[in-house]
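Proteins come first, then strands; the chains are lettered A, B, ... in the order of their sequence lines, and each starts at number 1.
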Protein chains: 2
Amino acid sequence: MTKKLRSKTPARTTYRHGDLRRALLEAGIALARAGGPSAIVLREATRRAGVVPNAAYRHFASRQDLLEAVRSAALSELAKTMEAEIAKVRRGKSAGEAARAKLRAVGTGYLRFAFTETGLFRTAFAAPEPLGFTRDPARKGASGLDPLELLGAALDDLTAAGLLPLERRPGAEFLAWSSVHGFAMLVINGPLHTVPRSDIDAIGARVVAMVEKGL
Amino acid sequence: MTKKLRSKTPARTTYRHGDLRRALLEAGIALARAGGPSAIVLREATRRAGVVPNAAYRHFASRQDLLEAVRSAALSELAKTMEAEIAKVRRGKSAGEAARAKLRAVGTGYLRFAFTETGLFRTAFAAPEPLGFTRDPARKGASGLDPLELLGAALDDLTAAGLLPLERRPGAEFLAWSSVHGFAMLVINGPLHTVPRSDIDAIGARVVAMVEKGL
DNA sequence: ACGGTATGTATACACCGTCCACATACGCTA
DNA sequence: TAGCGTATGTGGACGGTGTATACATACCGT
């Protein structure tokens, strides 16, 4: 027989789901988007997929495993937002100006994602499992780079333009990343939570400027 | 009758605990210290206090409420570590040198706490409840200042010494805090988790230096 | 001395992650 | 084309969690 059509009726006509793994992953992403890592609960994901709880275990070894998959997806999403921001920078600048603009774009994209997709951002950096930006292709953006690599490329441009001394290049991503990441964290679940959004953006710009100057 | 002695025997001789609130809080702190915010589970805390689960509700409105209390304690602990580091700076320096040393001490103490008391540190900054450094006295250190106020004092010294322009003083704590906080986060549950500890300290020093320069 | 109230107990519920045994449908091979 | 092995989903259960509701006990002020 040919491939059976997927029916949407919850009435049991299918038994086989078709692509349950994807359905569970997407449900997990939706949950994480709305409520962060702790909101992704296995049973709810299976409920949304119209399937019994244990079915999840055919595709994910554990809840933690599903979380990990969602995290990879979130990381990839972050990379895409950063890429989009990088693509916005105007052409026709000097190499130096272009490099600095790119670095700023990396920071801005990172913050944009943190503020507009807070749930996914939190999921991407959920403790305590050391996530580790491994070479998982699911964590990359359209350009094939993960967020850390995107930042590294911007810094490379900076040294190529002579704006970042070669001897200070190693480890520089950690300096830049720390500042922007910390700022994002403080905003989304810290004391800055009450500060008006306009001020937030201004302070964010100062953070990026500080990195540029202090690197 | 006079005050009844607290017996340690689990055999039910007491009924009244004596100071259950403190016992629960301390159990919560121990749990958080060992496993971070998610490790603090109400039933386990009551178990350690030798009491039935629901007894906790006489002292904490919910698990979240207990978590909040533990968080305050963790914040106070952080302040103490920072104060200890500040106290270490050598006297007899110029006002400028002293101010810079104090700022470095604030950063160093923050990182020391994050690395040695990771569980408590994570608890102090647990998402998603906006914690908000309110004027809760339980969140202060021995000097009566919370971590943010400690940082603010160091920055004030810096402007007093003419090393930080007055117009850049407002909001400066967020710049400095962001960098150090982000670095701590990346180390304790990020890609730097595999980097040897000695390198970590070196990079940490660079982060603080970047803040000093870029502020 | 006593009665109200603060504190702890008993029981119960819904929900969670996960294990085990069983049922079903797909896809390959004969 | 028949049949069978295996991937996938079902059913039921277990221990653990936070929390509500009703009950019991000891303390304290009148």
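For the 3.5 Å distance criterion, the side chains of B:Arg139 and B:Ser72 qualify, holding a donor opposite an acceptor.
Between C:dA25 and A:His17, no contact under 4.0 Å exists linking OP1 or OP2 to a side-chain N or O. Dashed line: the shortest gap from a side-chain N or O of A:His59 to OP1 or OP2 of D:dG9 is under 4.0 Å. Phosphate proximity of C:dC16 to A:Arg47: present, with a side-chain N or O under 4.0 Å from OP1 or OP2.
Between the side chain of A:Asn54 and the base of C:dG17, no donor-acceptor pair of N or O atoms lies under 3.5 Å. At a cut-off of 3.5 angstrom, counting only N and O atoms as typed in the model, there is no donor on one side facing an acceptor on the other between the side-chain of B:Arg43 and the base of D:dG16.
Looking at the side chain of A:Ala55, the nearest of the listed nucleotides C:dG17, D:dT19, D:dT10 is D:dT10.
Put simply, CG on A:Asp65 is 14 Å from C1' on C:dG17, counting in whole angstrom units. B:Phe60 places its CZ atom 15 Å from the C1' atom of D:dG18, with the value rounded to the nearest Å. Look at CG on B:Leu31: it is 10 Å from P on D:dG18, rounded to the nearest Å. Computed from coordinates, the A:Leu42 CG to D:dG9 P distance equals 14 Å when rounded to whole Å.
Note that NZ of B:Lys140 and CG of B:Leu78 are 13.5 Å apart. Values are rounded to the nearest 0.5 Å. Atom-to-atom distance recorded for B:Phe115:CZ and B:Ile188:CD1 is 7.5 Å, nearest 0.5 angstrom.
The residue from B:Arg100, B:Arg104, B:Lys102, B:Arg169 that alone fulfils the salt bridge (charged side-chain N to carboxylate O under 4.0 Å, His left out) condition with B:Asp157 is B:Lys102.
Residue B:Val52 is classed as a base contact, given a heavy-atom separation below 4.0 Å to a base. Note on A:Arg63: only backbone sugar-phosphate atoms sit closer than 4.0 angstrom, heavy atoms only; bases stay farther off.
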| Audit row: B:Phe174, B:His181, ring-ring contact (aromatic ring centres under 6.0 Å, His included) steps and yes/no | CA-CA 10 Å; B:Phe174 298 137; B:His181 182 72; over 10 Å; no
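For the pair B:Leu20 and A:Tyr57, nearest-nucleotide mapping onto DNA chain C gives the more 5' position to B:Leu20. With the nearest nucleotide of DNA chain C identified for both A:Pro53 and A:Arg58, A:Pro53 has the one nearer the 5' end.
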